[in-house]
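Atoms within a ligand are numbered from 1 in the order they appear, just like the ligands themselves. Along the sequence shown, residues are numbered consecutively beginning with 1.
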Amino acid sequence: MSSMFGKARTCNECNIAILGITGSGKSALTVKFLTKRFISEYDPNLEDTYTSEEIVDQQSVVVKVMDTADQDGPVNCERYLTWAHVFMVVYSIDNRSSFEGCQQYLDVVTLHTKGLQLEVPIILLGNKLDMERYSRSQVSKADGASLASRHGAVFHEVSACQDFDAVQRVFHEAVRAARRE
Ligand code: GDP
Ligand code: MG
């Protein structure tokens, strides 16, 4: 019976944890989703959880977004590992070290979910797609896609400073993925 209630609750609440190294654009993506605006300078040390009521596929859902701000890679991960219904792991396509760095997060998440035999969806996001024509050589789309498939993650490239719809779409996809679990 309790599991039935648990299921009902997770149907209209969705906790999304945004992970990735400093500078990859986690806060910019979060703010874009919540306000439709691109804020270019955001305190890199600020970690917060925001709430937004969304309609996804005609169903209302309370979406909570934890915009994490680890200083040196994954530390004290319990706060999001035990909380999240879905993980969004972000790197920047114009920065190879952000791509290397995000792999630590994928490892931490995969290890955690395997250990508990949970199916917690992961969405890998290559951010700063607007930088494509200047520095695409850093991380190719194929690199991102292959990393995602190794972790059973969905993969998209986005830009926090371009259209809102594409950013909203990946957050709504995260809600859908969490609903299926
Ligand atoms: P966080 O440390 O992961 O939260 O990264 P921020 O959201 O603070 O972004 C780091 C830097 O990248 C800031 O200077 C942002 O303005 C910039 N930035 C974030 N997203 C984008 C993007 O999609 N395109 C471009 N060109 N810059 C971005
Ligand atoms: Mg931030």
Any atom of ligand 1 sitting under 4.0 Å from a heavy atom of P44? no
With heavy-atom distances below 4.0 Å as the criterion, list the atoms of ligand 1 near M131. 26 (N)
R37 CZ: over 12 foreign heavy atoms closer than 6.0 Å: no
Among all protein heavy atoms, pick the one closest to atom 26 (N) of ligand 1 and tell me residue, atom and distance. D130 OD2, 2.8 Å
Is any side-chain heavy atom of Q168 less than 4.5 Å from a side-chain heavy atom of K36? no
Give the atoms of ligand 1, by number and element, whose distance to some non-hydrogen atom of A160 is under 4.0 Å. 20 (N), 22 (C), 23 (O)
Quick one: which of A28, A69, S24, S92 has a heavy atom closest to atom 19 (C) of ligand 1? A28
Please state which protein non-hydrogen atom is closest to atom 20 (N) of ligand 1 and give its distance, to 0.1 Å? N127 ND2, 3.2 Å
Do Y105 and D70 meet the criterion of a side-chain donor-acceptor pair at a distance under 3.5 Å? yes
Report yes or no: do E54 and H172 form a side-chain donor-acceptor pair below 3.5 Å? yes
For atom 12 (O) of ligand 1, what's the nearest protein heavy-atom neighbour? Residue, atom name and distance, please. K128 NZ, 2.9 Å
How many angstroms lie between atom SG of C161 and atom NZ of K128, to the nearest 0.5 angstrom? 9.0 Å
Would one find an N or O of G25, backbone or side chain, under 3.5 Å from an N or O of ligand 1? yes
With a cut-off of 2.8 Å, does any N, O or S atom of S27 fall short of it relative to the Mg ion (ligand 2)? yes
Checking heavy atoms under 4.0 Å, the part of T22 that sits near ligand 1 is both
With a 4.0 Å heavy-atom cut-off (strictly under), which part of I21 contacts ligand 1: side chain, backbone, both or neither? backbone
Hey, is Q162 touching ligand 1 through its side chain, its backbone, both or neither, going by heavy atoms under 4.0 Å? neither
In Å and rounded to the nearest 0.5 Å, what is the CD to NE2 distance from E13 to H85? 7.0 Å
Exactly one candidate in I21, L106, N127, L124 meets side-chain contact (heavy atoms from CB on, under 4.5 Å) with Y91; the answer is L124
Below 3.5 Å, N or O to N or O, backbone or side chain included: is there any such pair between D67 and ligand 1? no
Of the options I18, L81, I16, which is the one that meets F87 in a side-chain contact (heavy atoms from CB on, under 4.5 Å)? L81
Under a 4.0 Å threshold between the charged nitrogen and the carboxylate oxygen, would R96 count as salt-bridged to D143? yes
Could you name the option among S159, G23, S98, G126 that has the heavy atom nearest to atom 1 (P) of ligand 1? G23
Contact partition for C161 relative to ligand 1, non-hydrogen atoms under 4.0 Å: both
Between Q71 (side chain only) and A69 (backbone N and O only), is there a donor and an acceptor less than 3.5 Å apart? yes
Would you mind listing which atoms of ligand 1 come within a distance below 4.0 Å of any non-hydrogen atom of S40? 13 (C), 14 (O), 15 (C), 16 (O)
